[in-house]
S.K.: 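Below are the structure tokens for one structure; questions will follow.
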Amino acid sequence: MIRAPVRLPAGIPPAETVLAVSGWVALAATTLPGALLPLRAVVTAAFLLLCPGAAALRLTHPVRAGRRRDPLEAVVLTIAFSIAIDAAVAEVFFFTRSISTARAVGAVALLTTLTVLVPAAVRHRRRAAGTAADRPSEGRPPS
């Protein structure tokens, strides 16, 4: 059996792809049978505690060129953002009387994926537009 290599979407780094996929892995883990409860709990808890916050941290606090993020600050902000996002999603489902683990994890997975992929696509489009804008158009003299 010949398998084609897996290719990342254009302009999206591997770390952001892992964040985007992690929620869907956690959602799939919620469907595991009861005998695998510890695995299901660990995968889901790790996702809910780390990934939404990491995606939000990448969006709200980008790392500037040549600088590094303080590791303690990154961990605290990641966990704080994750708890805030998880609580907001849980409140929405609670007040609509439709709360379930699968729905909540699915909603957080969707938010995490959108938080990662939409800004990456916008950055990729801006880079492409910037390189096209740097070239003079045909028939027009360069300014």
Side-chain angles (χ1 to χ4, degrees), residues 1-138 142-143:
M1 179 175 170
I2 300 173
R3 294 180 58 181
V6 176
R7 294 185 184 205
L8 299 174
I12 301 175
E16 290 180 346
T17 304
V18 169
L19 278 175
V21 171
S22 64
W24 305 108
V25 171
L27 182 61
T30 63
T31 64
L32 292 174
L36 297 174
L37 181 63
L39 176 65
R40 183 170 64 183
V42 167
V43 169
T44 305
F47 164 70
L48 290 174
L49 194 59
L50 298 173
C51 296
L57 184 64
R58 286 175 166 273
L59 181 64
T60 59
H61 293 81
V63 178
R64 305 281 186 244
R67 300 190 68 192
R68 290 179 42 113
R69 181 177 287 134
D70 179 35
L72 180 61
E73 176 188 16
V75 169
V76 169
L77 284 174
T78 297
I79 293 172
F81 283 155
S82 291
I83 291 171
I85 292 167
D86 297 342
V89 168
E91 284 179 17
V92 168
F93 284 117
F94 177 76
F95 288 127
T96 59
R97 299 177 193 263
S98 60
I99 193 164
S100 74
T101 303
R103 284 184 185 146
V105 172
V108 174
L110 179 64
L111 288 172
T112 303
T113 301
L114 291 175
T115 303
V116 170
L117 295 182
V118 170
V122 169
R123 279 193 308 271
H124 179 66
R125 241 186 256 139
R126 283 186 185 158
R127 276 190 220 123
T131 56
D134 293 340
R135 288 181 254 132
S137 302
E138 283 185 13
S143 52

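Count residues from 1 along the sequence. Not measured: the values here are computed from a predicted model.
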S.K.: Taking side chain to side chain contact (heavy atoms under 4.5 Å, CB included) as the test, write out the residues that go with I79, two or more places apart.
M.R.: L49, L50, V75, I83
S.K.: I need the L117 CG to T17 OG1 distance, nearest 0.5 Å.
M.R.: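 Answer for the CG-OG1 pair, L117 versus T17, is 7.0 Å.
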S.K.: What pair of heavy atoms forms the shortest contact from S82 to G53, and how long is it?
M.R.: OG-N, 2.7 Å
S.K.: Scan V43, I85, T112, D86 and name whichever one has a side chain to side chain contact (heavy atoms under 4.5 Å, CB included) with L48.
M.R.: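 The side chain to side chain contact (heavy atoms under 4.5 Å, CB included) with L48 is passed solely by D86 among V43, I85, T112, D86.
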S.K.: Can you give me the closest heavy-atom contact between A104 and F93, atom names plus distance?
M.R.: CA-CE1, 3.9 Å
S.K.: Mind listing the closest non-hydrogen atom pair of L27 and G106 along with its distance?
M.R.: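 Shortest heavy-atom separation between L27 and G106 comes out as CD1-N, 3.9 Å.
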S.K.: Taking all heavy atoms of A54 and all of T78, pick out the closest pair and write down the distance.
M.R.: N-CG2, 3.5 Å
S.K.: Can you name the side chain to side chain contact (heavy atoms under 4.5 Å, CB included) partners of A45, sequence neighbours left out?
M.R.: none
S.K.: What pairs of residues pass the salt bridge (Lys or Arg N to Asp or Glu O under 4.0 Å) test when at least one of them lies in residues 106-117, not counting sequence neighbours?
M.R.: none
S.K.: Does any part of the side chain of P52, heavy atoms only, come nearer than 4.5 Å to the side chain of T115, both counted from C-beta?
M.R.: no
S.K.: Enumerate the salt bridge (Lys or Arg N to Asp or Glu O under 4.0 Å) contacts for residues 38-60, please, sequence neighbours excluded, ordered by first and then second residue.
M.R.: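 Found E16-R58.
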S.K.: Quick one: list whatever passes side chain to side chain contact (heavy atoms under 4.5 Å, CB included) with E73, sequence neighbours left out.
M.R.: D70, L77
S.K.: Between SG of C51 and CG of L111, what distance do you get to the nearest 0.5 Å?
M.R.: 13.5 Å
S.K.: Return the minimal non-hydrogen interatomic distance between A107 and V89, and the atom names on each side.
M.R.: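 Nearest heavy atoms, A107 then V89: CB-CG1, 3.8 Å.
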S.K.: Checking R103 now: which residues fulfil salt bridge (Lys or Arg N to Asp or Glu O under 4.0 Å) with it, not counting sequence neighbours?
M.R.: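 Counting only residues at least two positions away or on another chain, R103 forms no salt bridge (Lys or Arg N to Asp or Glu O under 4.0 Å).
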S.K.: Mind checking side-chain hydrogen bond (donor to acceptor under 3.5 Å, both in side chains) for S98 and listing every partner two or more places apart, or none if nothing turns up?
M.R.: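 Result, side-chain hydrogen bond (donor to acceptor under 3.5 Å, both in side chains) vs S98: T96.
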S.K.: Any heavy-atom pair between the side chains of F47 and V108 that's under 4.5 Å?
M.R.: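 Contact flag for V108/F47 side chains = yes.
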S.K.: Can you list everything that forms a side-chain hydrogen bond (donor to acceptor under 3.5 Å, both in side chains) with T113? Sequence neighbours excluded, please.
M.R.: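 Listed in chain order: W24.
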S.K.: Taking all non-hydrogen atoms of both residues, which atom of L59 and which atom of P119 are closest, and how far apart?
M.R.: CD1-CG, 3.3 Å
S.K.: With sequence neighbours left out, what residues match T31 under side-chain hydrogen bond (donor to acceptor under 3.5 Å, both in side chains)?
M.R.: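 Partners of T31 under the side-chain hydrogen bond (donor to acceptor under 3.5 Å, both in side chains) test: none.
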S.K.: Give every residue pair that meets the side chain to side chain donor-acceptor pair (under 3.5 Å) criterion with at least one member in residues 44-56, sequence neighbours excluded.
M.R.: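 Side chain to side chain donor-acceptor pair (under 3.5 Å) check on residues 44-56 returns no pairs.
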